[in-house]
2 protein chains.
Amino acid sequence: MSHADWIMQFPGLSRLSTELRQYLTDNSRVIDIPVDTVIFGPGKPPEQLLLLLSGTVRVQKTSETGREIVLYRVHAGESCVLTTACLMAYEDYSAEGIAETGLQAVAIPRDVFDRMVADSPEFRQFVFMAYSRRMTDLFAVVEEIAFRRLDIRLAQKLIELSSEQHTIQTTHQKLAGELGTAREVISRQLAEFQRRGWIEQARGVIHILDRDQIKALAKQ
Amino acid sequence: MSHADWIMQFPGLSRLSTELRQYLTDNSRVIDIPVDTVIFGPGKPPEQLLLLLSGTVRVQKTSETGREIVLYRVHAGESCVLTTACLMAYEDYSAEGIAETGLQAVAIPRDVFDRMVADSPEFRQFVFMAYSRRMTDLFAVVEEIAFRRLDIRLAQKLIELSSEQHTIQTTHQKLAGELGTAREVISRQLAEFQRRGWIEQARGVIHILDRDQIKALAKQ
DNA sequence: TGTGTTTGGTGACTTGGTCACAGACGCGCT
DNA sequence: AGCGCGTCTGTGACCAAGTCACCAAACACA
């Protein structure tokens with residue numbers, strides 16, 4: 001990735017003026033982060049805003065009992081707003097972000113971020129848009145766990161994970177983490193799906209047999 | 001409330017320069033909003049940022065089945081960030097904000113807000129701080145509903161609502177809405193608290209008899 | 001004093017979460 | 001091949017929480 005052209009990967013930033021683009025590329029650096037790195041978490045405040053060039057960051061919460069729930073994911077072309085919040089407000093995180101894959105990212109120091117927000121309406125739009133999207137994601141999570149039945153949520157997740165293919169590589173434990181429930185509950189639910197002939201299972205693999213039925217349940 | 005001095009009510013804004021203060025007071029107006037007004041909600045995008053001078057706004061989500069859950073409250077001295085998000089990003093709300101009391105608020109038009117963010121580091125700090133706090137609130141809600149037992153959450157809520165006094169004026173239905181559960185569940189849980197001699201109930205009223213026991217449960 | 005509305009109580013049942021195990025499978029090692 | 005070990009999955013018993021269908025008590029007010 002050349003230092004000069006990463007900006008084009010961010011639709012929201014493509015309309016920046018030439019000077020500001022120059023300023024941004026001059027005062028930031030592209031870094032690589034290995035998979036499974038904890039990017040931020042309780043007690044680990046960062047000193048820079050990250051813009052993801054490639055890879056995904058998983059943001060999750062863990063309970064004292066060890067149960068986990070995925071809050072949202074940051075994909076390539078997006079920014080880590082949580083980092084931003086703390087960048088500006090000096091608050092401590094209450095969730096953690098983990099590199100789900102190897103990452104390539106642009107690191108923007110605090111003062112550069114502040115100047116960009118001040119000088120560019122486009123950059124402001126970009127930042128507030130990112131916030132807005134995370135808020136929306138979180139609202140969706142709350143709605144799901146508070147009101148939606150688990151079999152429906154699991155069906156949705158299976159459809160999401162099996163885009164086009166009919167094989168999913170994952171464990172019951174990971175699915176439980178996605179939905180914020182316990183492994184046993186997933187096991188039972190998948191056993192029921194299997195009994196109905198919707199899926200077939202092997203260790204670490206789920207085969208989709210009847211996508212239509214699963215989809216029908218998912219959109220209830 | 002005089003037009004000139006409302007700014008002092010916002011700690012985050014008290015350090016604004018004299019010019020910007022003038023600009024802000026000149027280009028905003030103080031409005032009154034009656035209790036139970038729906039300030040924003042799905043399909044009701046606002047054209048201005050609200051800063052609360054007095055009263056509280058309840059932000060909640062409602063399921064198709066009619067169950068509700070309170071996400072957070074905006075108190076006097078705070079701003080409605082959700083409004084801000086949509087102000088800047090033009091996105092549609094997926095939660096609704098309701099005036100829990102009569103409100104007095106400062107309404108700031110979109111373009112004034114944008115200029116303030118551009119021109120004032122203090123205002124930026126104020127806005128990002130507000131976002132940061134809401135994010136934190138939402139994380140807490142997710143954690144609560146996903147991982148915490150209901151009896152503990154109810155005990156916490158009782159302690160919170162009964163600050164100093166030993167009487168709470170509320171209905172089982174409202175408590176259910178606070179915690180995102182069903183009325184019957186609250187009724188049963190309160191019946192159990194009563195059986196233990198921790199509370200006494202009458203229609204629309206709960207008397208705290210043994211605050212220490214409730215507190216002990218709350219902080220598990 | 002009656003009548004409608006709001007609030008609370010209850011039983012039966014379903015769904016979801018917890019706990020304590022026991023197998024089953026994959027994989028490296030000798 | 002056979003062994004050992006860690007990870008993954010299956011299961012039963014039990015508890016907690018949500019749903020459904022009603023009913024009863026308290027209140028509001030004509």
Side-chain angles (χ1 to χ4, degrees), chain A residues 36 61-69 141-158 167-196 199-207 217 220, chain B residues 36 61-69 141-158 161 167-196 199-207 217-218 220:
Chain A
D36 289 334
K61 222 167 183 336
T62 307
S63 78
E64 313 87 53
T65 66
R67 263 174 63 195
E68 298 187 340
I69 183 168
V141 170
V142 170
E143 175 150 51
E144 292 280 291
I145 58 182
F147 302 136
R148 194 120 331 193
R149 291 174 47 107
L150 197 83
D151 51 354
I152 296 174
R153 296 206 288 139
L154 179 54
Q156 288 172 345
K157 192 49 86 175
L158 291 183
T167 310
I168 304 175
Q169 281 250 2
T170 189
T171 67
H172 295 185
Q173 185 63 67
K174 282 178 187 159
L175 285 171
E178 293 288 331
L179 301 178
T181 183
R183 197 261 315 160
E184 297 91 314
V185 178
I186 297 292
S187 293
R188 275 200 285 262
Q189 217 33 265
L190 287 178
E192 174 61 19
F193 286 177
Q194 187 166 33
R195 197 194 60 73
R196 294 183 197 165
I199 62 170
E200 226 170 37
Q201 301 190 67
R203 188 189 173 88
V205 182
I206 298 172
H207 294 282
L217 176 59
Q220 274 193 10
Chain B
D36 289 335
K61 220 164 185 337
T62 307
S63 77
E64 310 89 53
T65 66
R67 266 175 61 196
E68 298 186 340
I69 183 167
V141 170
V142 171
E143 175 150 50
E144 292 279 291
I145 58 182
F147 302 136
R148 194 120 332 191
R149 290 175 49 109
L150 196 83
D151 51 354
I152 296 175
R153 296 205 289 140
L154 179 56
Q156 288 173 344
K157 191 50 85 175
L158 291 181
L161 291 176
T167 310
I168 303 174
Q169 281 249 2
T170 189
T171 67
H172 294 188
Q173 185 64 66
K174 281 178 189 160
L175 284 171
E178 294 286 332
L179 302 179
T181 181
R183 197 260 314 159
E184 298 92 313
V185 178
I186 297 292
S187 293
R188 275 200 282 263
Q189 211 42 258
L190 287 178
E192 173 61 18
F193 287 178
Q194 187 165 31
R195 196 193 60 73
R196 295 182 197 166
I199 62 171
E200 226 169 37
Q201 300 190 70
R203 188 191 171 87
V205 182
I206 299 172
H207 295 283
L217 176 60
Q220 274 192 8

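So that the names make sense, note that chain A is the first sequence line, chain B the second, and so on, each numbered from 1. Being a predicted model, the structure only gives us computed values, none of them experimental.
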[X] [atom1] to [N] [atom2]: how many Å, rounded?
X	N	atom1	atom2	result
B:L175	C:dT7	CG	P	12 Å
A:L150	C:dT18	CG	P	12 Å
A:H172	C:dG17	NE2	C1'	17 Å
B:I199	C:dG8	CD1	P	11 Å
A:F193	C:dT15	CZ	C1'	13 Å
B:R183	C:dT6	CZ	P	14 Å
B:I168	C:dT7	CD1	P	17 Å
A:Q173	C:dG17	CD	C1'	14 Å

Between B:L150 and B:R153, is any pair of side-chain heavy atoms under 4.5 Å apart?
-> yes
Is there side-chain contact between B:L179 and B:E144, with heavy atoms separated by less than 4.5 Å?
-> no
Tell me which nucleotide among C:dT18, C:dA24, C:dT6 gets nearest to the side chain of B:R203.
-> C:dT6
Look at the side chain of A:R188 and decide which nucleotide, out of C:dG17, C:dT7, C:dC21, has an atom nearest to it.
-> C:dG17
Hey, which of these two, A:A202 or A:A146, hits DNA chain D nearer its 5' end, going by closest nucleotide?
->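 Closer to the 5' end of DNA chain D: A:A202.
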Mind checking [X] for me? I need base, sugar-phosphate or nothing, with any heavy atom below 4.0 Å counting as a touch.
X	answer
A:T65	nothing
A:Q189	sugar-phosphate
B:R67	sugar-phosphate

Would you mind telling me which residue lines up with the more 5' stretch of DNA chain C, B:A191 or A:R149, judged by nearest nucleotide?
->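 Upstream on the strand: B:A191.
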For [X] and [Y], which heavy atoms make the closest approach, and how far apart are they?
X	Y	result
A:L217	A:D151	CD2-O, 3.8 Å
A:R148	A:Q220	NH1-O, 3.7 Å
B:I69	A:F147	CG2-CZ, 3.8 Å

With the threshold set at 4.0 Å, does a side-chain nitrogen-carboxylate oxygen contact exist between B:E192 and B:R188?
->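 B:R188 and B:E192: not salt-bridged.
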Looking only at atom types and distance, does a side-chain atom of A:T170 sit under 3.5 Å from a main-chain N or O of A:K174, one as donor and one as acceptor?
->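 Flag not set: sc A:T170 to bb A:K174 has no pair under 3.5 Å.
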Considering only heavy atoms of chain B and a distance under 4.0 Å, specify the first and last nucleotide of DNA chain D in 5' to 3' order that meet this criterion.
->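 Span of nucleotides near chain B: D:dA16 to D:dC27.
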